[in-house]
Q: 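Quick one: the structure is below, questions incoming.
For clarity, every value in this text was computed on a predicted model and none was experimentally measured. Here, residue 1 is the first one in the sequence, and each next residue gets the next number.
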Amino acid sequence: KVARASHTDRLVGCTVTMIGKSCAISAGHCVNSLDKASFNVPQNIEGVVQSSSPEDIYLRNRDFLHYKDAGRGMDWAVIRLNKNKLTGLYPGEAQGFYNVNFDAELRVGDEVRITGFGVDENDENKTFTQQTHLGKLKRIGSWSRKATLAYEVDTTGGNSGSAIFLERTNEIIGIHAIGGCTPSSGDNKGTHIGKNMDFREVVEQCLAWDKSL
């Protein structure tokens with residue numbers, strides 16, 4: 001349900017997550033890495049990044065790309081992916097998808113989960129392959145950026161665009177966009193879908209389109 005996103009002529013870049021048959025979400029600053037989504041990514045071989053099988057690779061629908069890249073709480077992207085040419089299936093049909101919860105009641109201290117394709121500083125064969133980490137919400141919104149989420153969840157380069165899951169419901173509440181956490185201090189930040197009206201509207205529009213497929 002989670003894919004490594006990249007430019008068509010590259011293997012790595014960011015992360016996308018399926019929320020419907022064809023709908024996927026990511027970060028706005030990843031816009032140049034949202035041409036291709038690769039699922040079921042294999043482990044690296046001697047540190048060399050590997051490609052997914054052709055039946056697990058999907059190209060972006062060129063008619064649907066909406067995004068914003070304006071910093072905290074305003075960094076998001078929604079795309080549609082085409083059917084795989086070999087299987088004839090949309091990615092959400094073949095790989096599955098997650099539910100988005102726009103109105104989840106969030107509390108500081110809630111456990112959140114991020115799954116994506118970041119760098120692994122300890123194992124070169126896991127770099128840019130799928131990994132998951134749990135942590136706690138530190139802040140929910142701010143006076144100037146109400147759609148900002150701050151959390152203590154490990155992320156590295158390549159995790160941008162990863163969905164933020166509320167662990168107790170296994171539903172998506174946001175998108176990871178900004179690093180800043182260190183082993184001793186700081187936090188990482190993302191965009192809360194339910195509090196960003198533009199983001200929410202485009203997600204709802206995409207999901208309505210999916211229902212017509």
Q: Only one of Ile164, Asp187, Val108 clears side-chain contact (heavy atoms from CB on, under 4.5 Å) with Tyr151; which?
A: Ile164
Q: Using a 6.0 Å cut-off, check whether atom NZ of Lys1 has over 12 heavy atoms from anything other than its own residue.
A: yes
Q: Heavy atoms only: give me the nearest Pro42-Thr129 pair and the separation to one decimal.
A: O-CG2, 3.5 Å
Q: Roughly how far, to the nearest 0.5 Å, is CG of Leu89 from CG of Asn84?
A: 7.5 Å
Q: With sequence neighbours excluded, give me every disulfide (SG to SG under 2.5 Å) pair touching residues 85-140.
A: none
Q: Is it the case that one hydrophobic cluster holds both Leu137 and Val153, taking links as side-chain heavy atoms less than 4.5 Å apart, direct or via other members?
A: yes
Q: For a 4.5 angstrom cut-off between non-hydrogen side-chain atoms, does Leu134 reach Glu167?
A: yes
Q: With clusters defined by side-chain heavy atoms of hydrophobic residues (ILVMFWY) lying less than 4.5 Å apart, directly or transitively, does Phe39 cluster with Phe117?
A: no
Q: The criterion is side chain to side chain contact (heavy atoms under 4.5 Å, CB included); which residues satisfy it with Thr155, sequence neighbours excluded?
A: Ile114, Asn159, His176, Asn188
Q: Should Lys136 and Glu152 count as an ion pair when the cut-off is N to O under 4.0 Å?
A: no
Q: If you measure from the Lys or Arg side-chain nitrogens to the Asp or Glu carboxylate oxygens, is any gap between Arg200 and Asp103 under 4.0 Å?
A: yes
Q: Asn99 and Ile172: side chain to side chain contact (heavy atoms under 4.5 Å, CB included), yes or no, with the steps?
A: CA-CA 6 Å; Asn99 182 53; Ile172 296 171; over 6 Å; no
Q: Does Trp76 belong to the same Ile/Leu/Val/Met/Phe/Trp/Tyr cluster as Tyr98, with side-chain heavy atoms less than 4.5 Å apart forming each link?
A: yes
Q: Going through the checks in order, is the side chain to side chain contact (heavy atoms under 4.5 Å, CB included) test met by Thr115 and Gln131?
A: CA-CA 6 Å; Thr115 298; Gln131 299 186 68; over 6 Å; no
Q: Name all residues meeting the side chain to side chain contact (heavy atoms under 4.5 Å, CB included) criterion together with Ala24; count only those two or more places apart in sequence or in a different chain, and write none if there are none.
A: Val16, Met18, Ile79, Leu81
Q: Using side-chain hydrogen bond (donor to acceptor under 3.5 Å, both in side chains) as the criterion, list what pairs up with Arg4, not counting sequence neighbours.
A: none
Q: To the closest 0.5 Å, what do you measure between CD1 (Ile45) and CD (Glu124)?
A: 12.0 Å
Q: Checking side-chain polar atoms at under 3.5 Å, does Thr127 have a donor or acceptor matched by the opposite partner on Asp120?
A: no
Q: Identify, with sequence neighbours excluded, every residue that meets side-chain hydrogen bond (donor to acceptor under 3.5 Å, both in side chains) alongside Asn40.
A: Asp56, Gln95
Q: With rounding to the nearest 0.5 Å, note down the distance linking OH in Tyr90 to NZ in Lys21.
A: 8.0 Å
Q: Distance-only criterion, 3.5 Å: show the donor-acceptor pairs between side-chain atoms of residues 64-75 and protein atoms not counting sequence neighbours.
A:
from	atom 1	to	atom 2	distance (Å)
Asp75	OD1	Gly28	N	2.6
Asp75	OD1	His29	N	3.1
Asp75	OD2	His29	ND1	2.7

Q: Determine the minimum heavy-atom distance between Ser26 and Leu34, stating which atoms define it.
A: OG-CD2, 3.7 Å
Q: Does Arg107 reach the side chain of Asp110, with side-chain heavy atoms less than 4.5 Å apart?
A: yes
Q: What is the minimum heavy-atom distance between Leu213 and Ser22, and which atoms define it?
A: CD1-OG, 4.0 Å
Q: Between Val2 and Gln130, which heavy-atom pair has the shortest distance, and what is it?
A: O-OE1, 3.4 Å
Q: Measure the shortest side-chain to side-chain distance between Phe199 and Ile25 over non-hydrogen atoms and say whether it is less than 4.5 angstrom.
A: yes
Q: Does one hydrophobic cluster hold both Leu166 and Phe102, with members joined at side-chain heavy-atom distances below 4.5 Å?
A: no
Q: Taking only residues at least two apart or on different chains, which pairs with a member in residues 41-52 satisfy side-chain hydrogen bond (donor to acceptor under 3.5 Å, both in side chains)?
A: none
Q: Quick one: pull up OH in Tyr58 and OG in Ser38 and give me the separation to the nearest 0.5 Å.
A: 10.5 Å
Q: When rounded to the nearest 0.5 angstrom, what distance separates CD1 in Ile178 from OG1 in Thr191?
A: 7.0 Å
Q: Taking the hydrophobic residues Ile, Leu, Val, Met, Phe, Trp and Tyr, and joining any pair whose side-chain heavy atoms are under 4.5 Å apart, which ones share a cluster with Val12?
A: Leu11, Val49, Val119, Phe128
Q: Applying salt bridge (charged side-chain N to carboxylate O under 4.0 Å, His left out), can you list everything that pairs with Glu55, at least two apart in sequence or on another chain?
A: none
Q: With sequence neighbours left out, write down each residue that passes side chain to side chain contact (heavy atoms under 4.5 Å, CB included) with Asp35, or none if nothing qualifies.
A: His7, Thr8, Arg60, Arg62
Q: Show which residues join Leu86 in its hydrophobic cluster (side-chain heavy-atom contacts under 4.5 Å, direct or indirect), or state none.
A: none
Q: What are the two closest non-hydrogen atoms of Cys14 and Ser160, and how far apart are they?
A: CB-O, 3.3 Å
Q: Run the side-chain hydrogen bond (donor to acceptor under 3.5 Å, both in side chains) test against Arg145 and tell me which residues pass, sequence neighbours left out.
A: none
Q: Would you name the heavy atoms of Cys206 and Arg80 that are closest together and state the gap between them?
A: SG-CG, 3.5 Å
Q: Are any non-hydrogen side-chain atoms of Ile173 and Ile193 less than 4.5 angstrom apart?
A: no
Q: Is there a path of hydrophobic side-chain contacts, each under 4.5 Å between heavy atoms of I/L/V/M/F/W/Y residues, joining Val112 to Ile175?
A: no
Q: Just verifying a value: how many Å separate Asp63 CG and Trp209 CH2, rounded to the nearest 0.5 Å?
A: 7.5 Å
